[in-house]
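Working notes, structure below.
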Amino acid sequence: MKICYFIQTHKSPDQIYRLVRTIKQASPHSQILINHNFNRCDLDLTPLQHLSDIHLLQNQEYLIRGDFSCQVQPYLNAINWLFENNSDFDWLINLTGQDYPTRPLSETEKFLANTDSDGFITYWDIFADQIPWDRDKGFKRYYCIYWRIPGKSSYVFLKDFQQLPLVKKMTWLKFYLTYGPLIGIPHPSTPFNKEFICYGGWAWYTLSRKCVEYIKNFVDSHPEFVAYYQRTVVPEESFIQTILVNSKSFNLVNHARRYIDYKGAVAGSPRTLTIQDYATITNGNFHFARKFDLKQDTEILDKLDRLIFN
């Protein structure tokens, strides 16, 4: 069995190198694809040149956080690369450069080799009760279309503009500053209905080859669906879930086997994990965790290495 690890990166080359070396040492036959945002920092793969089957995908787009170009399009590009290059992968696991295994990869890969499930992906109906989001969040993200406002002063302008008494009365007018500056309106025609539900979830998943192939075929045959999500906000937390769950063709486990702490998240970014989180993230329920920062705490990664290579 072969695992492809797709890693999306944008900062801290030394931490990226460490993650890649850990994966290749623990899983020598694995394949690694890296999509790096060179607009944030440079990345030279020379320190990894002695390792096999590592590929840097060339991405010429300017990646904008919360935009289709940031995470969804690179993921689709990776899928296309896999099939165009006849990769013999069995599972595709997407990570960031700030993720790390929380158990030996041999155990994770044995688990995947023996499972009857087709994918591990966290998802929910965006209008269901008792989900991590409030009802308005899903509607605002995926039932509206947005325009990005150019200019350095546009953040301040929109922040002040949305507070005007007349604008406040226009409840149909939507603003996004966290991932913007964006201004939007409800979409006159969405792809969603009772038979095709809009799902939300976290942007990290472990998917079997047949799930990945289904995504590719769906995207290739539904360009209007892709075009719709290109006008939404944070599509990476809905696009894949909506495709796979609505297919009703797969045995999906509603748990991505990732540990992420979004409590007290700042601008959508989860809390950085430290050595105090070790017992929680290694309790056996998770295959990976995020996010880690070498500059903030190296002890946690050192201790995870001892577990991974024990």
Side-chain angles (χ1 to χ4, degrees), residues 1-61 63 69-113 120 203-209 211-213 215-216 236 256-258 287-294 298 301-302 304-305 307-309:
M1 188 187 72
K2 186 171 185 176
I3 307 293
C4 176
Y5 296 91
F6 174 54
I7 309 174
Q8 292 181 255
T9 63
H10 70 278
K11 61 183 291 186
S12 306
D14 287 342
Q15 190 164 331
I16 297 169
Y17 300 149
R18 179 168 182 161
L19 173 62
V20 172
R21 291 185 185 114
T22 295
I23 292 174
K24 290 302 291 187
Q25 182 178 346
S27 178
H29 301 295
S30 64
Q31 183 172 59
I32 296 179
L33 306 184
I34 300 174
N35 183 91
H36 184 70
N37 185 353
F38 283 90
N39 297 307
R40 296 290 299 274
C41 78
D42 197 13
L43 181 67
D44 179 9
L45 291 191
T46 301
L48 304 175
Q49 62 184 354
H50 63 290
L51 301 174
S52 64
D53 214 356
I54 297 175
H55 309 272
L56 180 63
L57 304 187
Q58 297 299 318
N59 192 329
Q60 303 301 322
E61 293 186 57
L63 306 183
S69 67
C70 187
Q71 286 184 243
V72 181
Q73 190 58 61
Y75 187 77
L76 298 181
N77 292 346
I79 290 176
N80 288 334
W81 187 97
L82 289 170
F83 288 105
E84 289 170 1
N85 288 274
N86 298 313
S87 172
D88 57 348
F89 77 99
D90 297 290
W91 288 84
L92 175 61
I93 297 176
N94 70 324
L95 305 168
T96 77
Q98 292 184 278
D99 290 33
Y100 217 71
T102 57
R103 62 189 298 182
L105 287 183
S106 58
E107 292 183 9
T108 297
E109 296 185 0
K110 182 179 180 180
F111 171 85
L112 293 177
F120 299 85
W204 318 107
Y205 12 82
T206 298
L207 301 178
S208 65
R209 184 186 184 95
C211 282
V212 175
E213 190 166 13
I215 293 169
K216 175 174 171 51
E236 65 269 19
R257 298 292 189 267
R258 316 295 176 96
H287 295 162
F288 299 90
R290 69 180 301 263
K291 61 181 181 176
F292 300 95
D293 189 336
L294 274 176
T298 60
L301 296 185
D302 293 340
L304 285 172
D305 278 346
L307 172 68
I308 294 166
F309 298 115

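Please read all numbers here as calculations on a predicted model, not as lab measurements.
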Inset, instruction - Kindly give the heavy-atom pair with the smallest separation between Phe6 and Pro74, and that separation in Å. - result: CZ-O, 3.4 Å

Legend entry - Leu207 CG to Glu213 CD distance, which is reported to the nearest 0.5 Å: 13.0 Å

Inset, instruction - Using atom types as modelled and distance alone, determine if a side-chain donor or acceptor of Gln15 lies under 3.5 Å from a backbone N or O of Leu294. - result: yes

Legend entry - Under 3.5 Å: donor-acceptor pair, side chain of Arg258, backbone of Tyr205: yes

Legend entry - Heavy-atom side-chain proximity of Leu43 to Ile34 below 4.5 angstrom: yes

Legend entry - Atom of Thr206, atom of Ala256 and distance for their closest heavy-atom approach: OG1-O, 4.4 Å

Inset, instruction - Supply the atom-to-atom distance Leu307 CG to Asp302 CG, rounded to the nearest 0.5 angstrom. - result: 13.0 Å

Legend entry - Rounded distance [0.5 Å steps], CD1 in Ile79 versus CG in Leu92: 6.5 Å

Inset, instruction - Using atom types as modelled and distance alone, determine if a side-chain donor or acceptor of Asp90 lies under 3.5 Å from a backbone N or O of Lys2. - result: yes

Legend entry - Minimum heavy-atom distance Gln71-Ala203, with the two atoms named: NE2-CB, 3.8 Å

Inset, instruction - Give a yes-or-no answer on whether the side chains of Asp305 and Tyr100 include a donor-acceptor pair shorter than 3.5 Å. - result: yes

Inset, instruction - Examine distances only and state if a side-chain atom of Ser30 and a backbone atom of Ser27 form a donor-acceptor pair shorter than 3.5 Å. - result: yes

Legend entry - Note, Pro101 side chain near Leu304 side chain (heavy atom, < 4.5 Å): no

Inset, instruction - Name the orientation class of the two ring planes belonging to Trp81 and His55 (parallel below 30°, tilted from 30 to 60°, perpendicular beyond 60°). - result: tilted

Legend entry - Distance, nearest 0.5 Å, that separates CZ of Arg18 from CG of Leu301: 4.5 Å

Inset, instruction - For the residue pair Leu112 and Met1, establish whether any side-chain heavy-atom pair is separated by less than 4.5 Å. - result: yes

Inset, instruction - Report the distance from atom CG of Leu48 to atom CD1 of Ile32, rounding to the nearest 0.5 Å. - result: 8.0 Å

Legend entry - Nearest-0.5 Å distance that lies between atom CG in Leu82 and atom CG in Asn77: 11.0 Å

Legend entry - Ala26 versus Ile308, closest heavy-atom pair with distance: CB-CG2, 4.1 Å

Inset, instruction - Please report the C-alpha distance between Ile7 and Ile23 in whole Å, then the side-chain angles of each, then the deciding distance to 0.1 Å, and finally whether the side chain to side chain contact (heavy atoms under 4.5 Å, CB included) criterion is met. - result: CA-CA 11 Å; Ile7 309 174; Ile23 292 174; 4.1 Å; yes

Legend entry - Minimum side-chain heavy-atom gap Phe309-Pro104 below 4.5 Å: no

Inset, instruction - Evaluate the side-chain proximity of Cys70 to Gln8: yes if any heavy-atom separation is below 4.5 Å, no if none is. - result: no

Inset, instruction - Test Thr9 against every option in Asn35, Ile16, Thr96 by the side chain to side chain contact (heavy atoms under 4.5 Å, CB included) rule and name the one that passes. - result: Ile16

Inset, instruction - Is it possible for you to check whether Arg209 lies under 6.0 Å from the centre of the six-membered ring of Phe89, through NZ or CZ, and within 45° of that ring's axis? - result: yes

Inset, instruction - With the side chain counted from C-beta on, respond yes when Asp44 and Tyr17 share a heavy-atom pair under 4.5 Å apart, and no when they do not. - result: yes

Legend entry - Asp53 versus Gln31, side-chain donor and acceptor atoms under 3.5 Å: yes

Legend entry - Donor + acceptor pair across side chains of Gln98, Ser12 (<3.5 Å): no

Legend entry - Donor-acceptor pair between Asn85 and Ser87 side chains, under 3.5 angstrom: no

Legend entry - Polar side-chain atom of His36 near backbone of Cys41 as donor-acceptor pair, under 3.5 Å: yes

Legend entry - Evaluation steps, side chain to side chain contact (heavy atoms under 4.5 Å, CB included), between Leu95 and Phe288: CA-CA 9 Å; Leu95 305 168; Phe288 299 90; 3.7 Å; yes

Inset, instruction - Could you tell me which non-hydrogen atom of Asp99 sits nearest to which non-hydrogen atom of Phe292, and how far apart they are? - result: C-CD1, 4.2 Å

Legend entry - Aromatic centroids of Phe111 and His287 separated by under 6.0 Å: yes

Legend entry - Close side-chain approach of Lys24 to Ser52, heavy-atom, < 4.5 Å: yes

